[in-house]
Amino acid sequence: MSKLGNLGARLYRGEVGYDFVGKRKIWYGISILITITAFVALMVRGLHMGIEFEGGAVFNTPKTSVSSATAEEVAEEASGHQAIAQRLGNDTLRIQISGVDTDKSDHIKSQLAKELDVKADDINADLVGPSWGDQIANKAWQGLAIFMILVVIYLAIAFEWRMALAALIALIHDLTITVGVYALVGFEVTPGTVIGLLTILGYSLYDTVVVFDSLKEQSKDLAKQTRFTYSEVANRSINSTLVRSINTTVVALLPVAGLLFIGGGFLGAGMLNDISLSLFVGLAAGAYSSIFIATPLVADFKETDPQMRALKKRVLAKRRAAAAKGESEEAPAPDADATEDGDDGDDTAPAVVGPRSGPRAQPVRNRGRGRPSGKRR
């Protein structure tokens, strides 16, 4: 078995682990800092909306040797607006400029023909109105609202309302970070960006539900034992699914990173940046939020429940009593306190909370049972 596989097995059995829930204030602080940075970027820099949302013109030139950088400068001087020029596979150029009307597009077209040394009639100009982008944005907002409502309803039914609320906060967290990154780097927001944002919601939710399902399974009849608090069981759930979350995230990020860094960066296919950046940031943020945000939030919400608060008091009281007697706090021996509050005392290996964290007890075999003492004759 590989080292990663061996680590995953040990994490699943509870032999090793990291206290994610115990250090939740650190993760909350990091997320709050990132979220504030995203909001500041949105207010200061704003989003660079594409022509589909602001309206503008797209010019397709015939074959030319002029570089895309030179074409951008010519288009910006002629229009007074920011331009984006992309070289296509047949050595033609695609130049898009936001916020221009029909009269101005004719002037830009003639200037491009002059500077690129091509005929004006050979340049195709297409005007794009902002109404089409508004329709896409409105439909996206409607789809997002419906998706959020259905997610909350489903999680509240399949799990409980606390998990539904934590998942909703994690989704908003992922969207905010992704949009903030777009504002920071200045990438253009296109319909492809909207598609990418809606896509990451499903992945983020999937990763969160995997941890929630493990937590639901391990917390059955939790109040009937006195070995573990709810936060400890939640932490076990994160550790038991940690390697799976890392593997799925890495596998999902590799092709997206290829689109973003190789296709959009190295090869210069800038149109790939529209969707690849939102997918890359969203997938990474979704994996982070499912481990560091969603499950710790569930633990915080759940431990406000009177039953879980009472359980925590019993667990801590029993550990203090065991420590006073010089016994192990994680695997206390059965004593009179074990039957407190209806506990039947058989809490040394509760199946509902997963494997024991301490060394496994080896069964004692009675080799001499039913056998007379002395040597065989």
Side-chain angles (χ1 to χ4, degrees), residues 7-8 10-35 155 159-174 204-246 248-249 284-320 329-331 347 350-358:
L7 175 61
R10 296 181 66 194
L11 285 169
Y12 182 80
R13 293 193 299 265
E15 296 174 0
V16 295
Y18 183 78
D19 192 8
F20 293 100
V21 177
K23 295 179 172 60
R24 56 188 178 272
K25 291 183 179 180
I26 298 176
W27 321 133
Y28 293 165
I30 294 174
S31 293
I32 291 173
L33 180 61
I34 296 175
T35 304
L155 291 179
F159 298 99
E160 61 172 302
W161 68 266
R162 296 177 182 87
M163 291 185 177
L165 179 59
L168 180 62
I169 294 174
L171 289 176
I172 296 174
H173 167 273
D174 299 341
S204 176
L205 184 64
Y206 164 78
D207 218 22
T208 301
V209 168
V210 168
V211 184
F212 283 0
D213 186 63
S214 175
L215 177 56
K216 178 184 177 182
E217 196 66 29
Q218 296 193 45
S219 61
K220 288 180 180 178
D221 301 325
L222 184 64
K224 295 180 181 180
Q225 52 83 54
T226 55
R227 283 180 56 83
F228 304 101
T229 65
Y230 190 90
S231 292
E232 292 168 346
V233 174
N235 195 68
R236 284 171 173 261
S237 300
I238 297 175
N239 281 280
S240 64
T241 59
L242 181 62
V243 173
R244 176 179 178 178
S245 298
I246 293 174
T248 54
T249 301
Y288 169 82
S289 65
S290 63
I291 296 173
F292 297 95
I293 302 300
T295 308
L297 279 176
V298 172
D300 281 336
F301 295 155
K302 191 70 175 180
E303 291 204 339
T304 60
D305 182 81
Q307 189 179 24
M308 292 299 105
R309 288 205 306 265
L311 171 64
K312 186 176 182 179
K313 290 181 180 179
R314 295 200 305 270
V315 171
L316 295 180
K318 183 174 181 180
R319 289 179 183 175
R320 286 193 295 268
E329 294 186 11
E330 292 189 4
D347 61 351
V352 296
V353 295
R356 295 173 56 180
S357 58

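Quick caveat, the model's predicted, so the values are computed rather than measured.
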Problem set entry | Min side-chain heavy-atom separation I293-Y28 under 4.5 Å | yes
Problem set entry | Those residues that, when tested against E303, pass salt bridge (charged side-chain N to carboxylate O under 4.0 Å, His left out) (two or more places apart) | K312
Problem set entry | Positive for side chain to side chain contact (heavy atoms under 4.5 Å, CB included) with L222, one of M308, K302, E232, Q307 | M308
Problem set entry | Residue pairs, two or more places apart or on separate chains, that pass salt bridge (Lys or Arg N to Asp or Glu O under 4.0 Å) and touch residues 20-34 | R24-D300
Exercise. Minimum heavy-atom separation for R314 to A223, with atom names?
Worked result: NH2-O, 2.8 Å
Problem set entry | N235 CG to S240 OG distance, which is reported to the nearest 0.5 Å | 9.5 Å
Problem set entry | CD1 on I169 to OG on S31, rounded to 0.5 Å | 11.0 Å
Exercise. Quick one: OG1 on T208 to CG on L168, what's the gap to the nearest 0.5 Å?
Worked result: 11.0 Å
Seminar exercise, completed: In this structure, OG of S289 is separated from CD1 of I172 (nearest 0.5 Å) by 11.5 Å
Exercise. What pairs of residues pass the salt bridge (Lys or Arg N to Asp or Glu O under 4.0 Å) test when at least one of them lies in residues 163-174, not counting sequence neighbours?
Worked result: none
Problem set entry | CA sep, side-chain torsions, deciding dist, call: V315, F228, side chain to side chain contact (heavy atoms under 4.5 Å, CB included) | CA-CA 6 Å; V315 171; F228 304 101; 6.0 Å; no
Problem set entry | Minimal non-hydrogen separation, K220 against E217, with atom names | NZ-OE2, 3.3 Å
Seminar exercise, completed: Here the pair of heavy atoms bringing L215 nearest to S237 is CA-OG, 3.1 Å
Problem set entry | Nearest-0.5 Å distance that lies between atom CD1 in I34 and atom OH in Y288 | 5.5 Å
Problem set entry | Results of salt bridge (charged side-chain N to carboxylate O under 4.0 Å, His left out) for R162 - residues two or more places apart only | E160, D305
Exercise. Taking only residues two or more places apart in sequence, or in another chain, which ones meet F159 in a ring pair (Phe, Tyr, Trp, His ring centres under 6.0 Å)?
Worked result: none
For this session: List the atom of S204, the atom of L171, and the distance in Å for their closest heavy-atom pair.
Result: OG-CD2, 3.8 Å
Exercise. F20: what forms a ring pair (Phe, Tyr, Trp, His ring centres under 6.0 Å) with it, not counting sequence neighbours?
Worked result: Y18, F292
Problem set entry | Atom of A294, atom of A166 and distance for their closest heavy-atom approach | O-CB, 3.5 Å
For this session: Determine, step by step, whether I291 and T241 satisfy the side chain to side chain contact (heavy atoms under 4.5 Å, CB included) criterion, reporting the C-alpha distance in whole Å, the side-chain angles of both residues, the deciding distance to 0.1 Å, and the verdict.
Result: CA-CA 9 Å; I291 296 173; T241 59; over 6 Å; no
Exercise. Under 4.5 Å between any side-chain heavy atoms of L205 and L155, yes or no?
Worked result: yes
Problem set entry | Least distance between heavy atoms, S245 atom then D207 atom | OG-OD1, 3.6 Å
